[in-house]
Amino acid sequence: MTKAARTYRVIFWEEPIFEENAKVSVDLQPQGDNITIAVPKLPRGMGEADIRDTLRSLLDGVLSQAGAPRELIAWYGTPMMLEFSDHLRPSLTVYDNMDELASFLFAPPQLVELENRLLKRADVVFTGGMSIFEAKQHRHDNIHPKPSSIDKAHFAKARDWTGGAPEDQADIPHPRIGWFGVIDERMDPQFVADLADVKPDWQFVMIGPVVKIDPAVLPQRANIHWLGQKSYESLPAYLAGWDAGFIPYAINEATRFISPTKTPEFLAAGVPLVATPIKDIVRPYGDLGLCEIVDTPQQMADALERAMGQDEQSFLAKVDDFLADKSWDRTWSEMETEMKAASARNAEQSHLRESA
C-alpha cells in the first residue's frame with residue numbers, strides 16, 4: 001500500500017478493537033503521505049448485526065470525511081470486510097487473496113460464502129503464491145499470481161550490520177538458528193522441540209507474536225529463546241546475528257496454500273535457510289537450491305550444518321541473481337497494470353450498456 005500511495009489516497013481499514021465501555025469511534029492514524037490507518041473501536045458485548053451496522057456507518061463516515069474521490073477502489077484483503085461494505089459501488093474491486101483464510105484456526109463460518117460473493121464482485125484477483133493461484137484459477141476469469149516480493153535494501157542491511165547487537169540477543173551463544181514471523185497454528189512446536197533436543201549446543205532464536213494458540217504449547221528449553229514481537233525496522237539487527245534460519249512449519253490445512261514472505265527476506269539478509277516442505281517454498285526456492293527442504297528434525301539439523309558450512313560468497317551470488325528482478329515496486333507496477341486494464345474494461349462495458 002505504500003507503493004499504491006504514490007498514486008492513490010489510501011485508507012487502510014483495520015479490524016475493530018473491542019474495549020470495555022468503549023465509545024463507538026474510528027481512530028485515524030496518518031502514516032505519511034496519502035496513507036491513513038483507520039482503526040474502529042467498539043464496546044465489548046455487541047451482537048454481530050450491531051457490529052456490522054456500526055462498522056458500515058463508521059466506514060461511510062470516514063469516506064464522507066475524506067471527500068468524494070474521482071474513483072473509489074475497494075481493495076479486499078479478507079472477504080469478511082464485505083459484510084459491512086457491500087453497499088459501496090466502487091469503480092474497481094480488487095481481491096488480494098494472500099492466504100486460504102478458511103483453512104486457518106477459528107475461521108468464521110461465513111467466510112466461505114463471503115468469499116464466493118467477493119469473487120463474483122471482484123474485477124481482478126491477485127493471489128499471494130502459486131499454490132493458491134492453482135487452486136482458485138478456475139473460479140475467476142481475471143486472476144493473477146503475485147508471490148511474495150522483497151524489500152531487498154531493508155533486509156540486506158543485515159549482511160553488513162554495524163549497529164550493534166540487540167540487547168536481548170547479545171548474550172545468546174552461537175551458533176544461532178533464527179525464525180521470525182507470526183507464531184500460530186502453522187508452526188510445528190513439536191518439530192522445534194525435537195530439533196532443539198537433537199542439537200542442544202545450538203541456540204534457537206524465535207521472534208514474533210503468539211497468535212490464536214496457547215503459549216503453553218510452545219516448547220521450553222534452555223536453548224530455545226522466545227523473544228516476542230519486534231518492529232519491522234529492528235529485524236535486520238536480529239538477522240545479522242544468526243548463523244542460519246529455519247522455517248518449521250507443520251504440513252496441515254493452514255499451510256497448504258501459503259507462500260511465506262519471510263523466505264526471500266531471510267535470503268536477502270544473507271541468512272542460509274532450511275524449511276519443511278511447504279509447496280511454495282519447494283517451488284522455486286528448493287528447486288533452485290536456494291533453500292534446503294527437509295521432513296524431519298534430524299534432517300533439518302543435518303541440512304543446517306551443511307548450510308552453515310557452505311561457501312558464503314557463492315551462496316550470496318546465487319541469492320542475488322535470483323532476487324535481481326524481485327521488488328515490491330515491480331509487483332505493484334504489475335498489479336496496477338492489471339487494475340487499469342480492468343478499469344478500462346468496466347468503462348467500456350458501462351458505455352455499451354448506456355448505448356444499448
Side-chain angles (χ1 to χ4, degrees), residues 150 155-156 158-161 165-166 168-181 183 186-208 218-227 235-251 255 258 260-323:
I150 176 69
F155 286 94
R159 298 189 187 188
D160 303 299
W161 186 257
D168 55 354
Q169 181 172 277
D171 294 331
I172 297 175
H174 289 269
R176 293 184 195 138
I177 313 300
W179 151 276
F180 69 97
I183 298 166
R186 292 170 294 179
M187 178 178 283
D188 186 340
Q190 191 58 53
F191 192 102
V192 175
D194 292 346
L195 178 59
D197 290 340
V198 167
K199 289 291 185 181
D201 55 333
W202 291 3
Q203 307 299 313
F204 297 88
V205 180
M206 313 297 288
I207 287 176
L218 302 180
Q220 303 301 313
R221 303 285 192 279
N223 62 333
I224 303 178
H225 308 269
W226 302 97
L227 300 188
L235 288 177
Y238 285 91
L239 287 157
W242 296 351
D243 300 288
F246 74 134
I247 299 180
Y249 275 149
I251 306 304
T255 62
I258 62 172
T261 306
K262 65 181 60 59
T263 313
E265 292 172 346
F266 268 116
L267 298 175
V271 178
L273 183 63
V274 180
T276 50
I278 300 301
K279 196 172 181 181
D280 278 12
I281 300 180
V282 175
R283 301 179 310 174
Y285 301 98
D287 291 345
L288 294 175
L290 295 164
C291 170
E292 195 161 344
I293 308 297
V294 299
D295 294 301
T296 69
Q298 182 61 61
Q299 290 174 356
M300 181 163 279
D302 295 340
L304 285 166
E305 195 94 59
R306 288 190 293 272
M308 289 187 284
Q310 69 184 318
D311 180 74
E312 183 180 19
Q313 291 309 311
S314 63
F315 165 68
L316 293 178
K318 189 160 53 173
V319 165
D320 290 342
D321 182 61
F322 173 78
L323 295 178

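If you're wondering where the values come from, they're calculated on a predicted model, not measured in any experiment. All residue numbers refer to positions in the sequence shown, counting from 1.
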Subject >> Rounded distance [0.5 Å steps], CD1 in I247 versus OG1 in T263 >> reply: 4.0 Å
**OP:** Check side-chain contact (heavy atoms from CB on, under 4.5 Å) between K279 and all other residues, then give those that pass, not counting sequence neighbours.
**Re:** S131, E134, R283
**OP:** Could you tell me whether a side-chain N or O of Q220 sits under 3.5 Å from a main-chain N or O of L218, the two making a donor and an acceptor?
**Re:** yes
Original post:
Would you say the ring centroid of Y238 lies under 6.0 angstrom from that of W161?
Top reply: no
Original post:
Between the main-chain N or O of R176 and the side-chain N or O of D243, is there a donor-acceptor pair closer than 3.5 Å?
Top reply: yes
Original post:
Which one of F191, W242, Y249 satisfies the ring-ring contact (aromatic ring centres under 6.0 Å, His included) criterion with W179?
Top reply: Y249
Subject >> For P272 against G270, the heavy-atom pair lying closest together >> reply: CD-O, 3.5 Å
**OP:** Flag the pair I278 / I251 as yes when at least one side-chain heavy-atom distance between them is below 4.5 Å, and no otherwise.
**Re:** yes
Original post:
Is there a donor-acceptor contact under 3.5 Å from the side chain of T276 to the main chain of A250?
Top reply: no
Original post:
Below 4.5 Å, heavy atoms only, C-beta onward: do M308 and I177 meet side chain to side chain?
Top reply: yes
Original post:
Within a strict 4.5 Å, meaning less than it, do heavy atoms of the F315 and L267 side chains meet?
Top reply: yes
Original post:
What are the two closest non-hydrogen atoms of H174 and G241, and how far apart are they?
Top reply: CE1-O, 3.3 Å
Subject >> D311 CG: over 12 foreign heavy atoms closer than 6.0 Å >> reply: yes
**OP:** Could you tell me whether E312 atom CD has more than 12 heavy atoms of other residues or ligands within 6.0 Å of it?
**Re:** no
Original post:
Tell me, do P248 and L195 make a side-chain contact under 4.5 Å, heavy atoms counted?
Top reply: no
Original post:
Taking all non-hydrogen atoms of both residues, which atom of A268 and which atom of I150 are closest, and how far apart?
Top reply: CB-CD1, 3.8 Å
Original post:
Does the side chain of L316 come within less than 4.5 Å of R159's, by heavy atoms?
Top reply: yes
Original post:
When you measure from the side chain of K262 to the backbone N and O of G181, does any donor-acceptor pair fall under 3.5 Å?
Top reply: no
Pair up each side-chain donor or acceptor in residues 200-207 with any protein partner under 3.5 Å, not counting sequence neighbours, and list the distances.
residue, atom, partner, partner atom, Å
Q203, OE1, H225, NE2, 2.7

**OP:** Step by step, work out the side-chain contact (heavy atoms from CB on, under 4.5 Å) result for D194 and Q190.
**Re:** CA-CA 6 Å; D194 292 346; Q190 191 58 53; 2.8 Å; yes
Subject >> Spacing of CG belonging to D197 relative to CD1 belonging to I224, to within rounding of 0.5 Å >> reply: 7.5 Å
**OP:** Just do the side-chain contact (heavy atoms from CB on, under 4.5 Å) check on L290 and V319 with the steps written out, would you?
**Re:** CA-CA 7 Å; L290 295 164; V319 165; 4.1 Å; yes
**OP:** Looking only at non-hydrogen atoms, find the nearest pair between A244 and L304 and report the distance.
**Re:** CB-CD2, 3.8 Å
**OP:** Please check if the distance between the ring centroids of F180 and F266 is under 6.0 Å.
**Re:** yes
Original post:
Under the side-chain contact (heavy atoms from CB on, under 4.5 Å) test, which residues partner D295, sequence neighbours left out?
Top reply: P277, Q299
**OP:** Please confirm whether the backbone N or O of P219 pairs with a side-chain atom of W226, one donor and one acceptor, at under 3.5 Å?
**Re:** yes
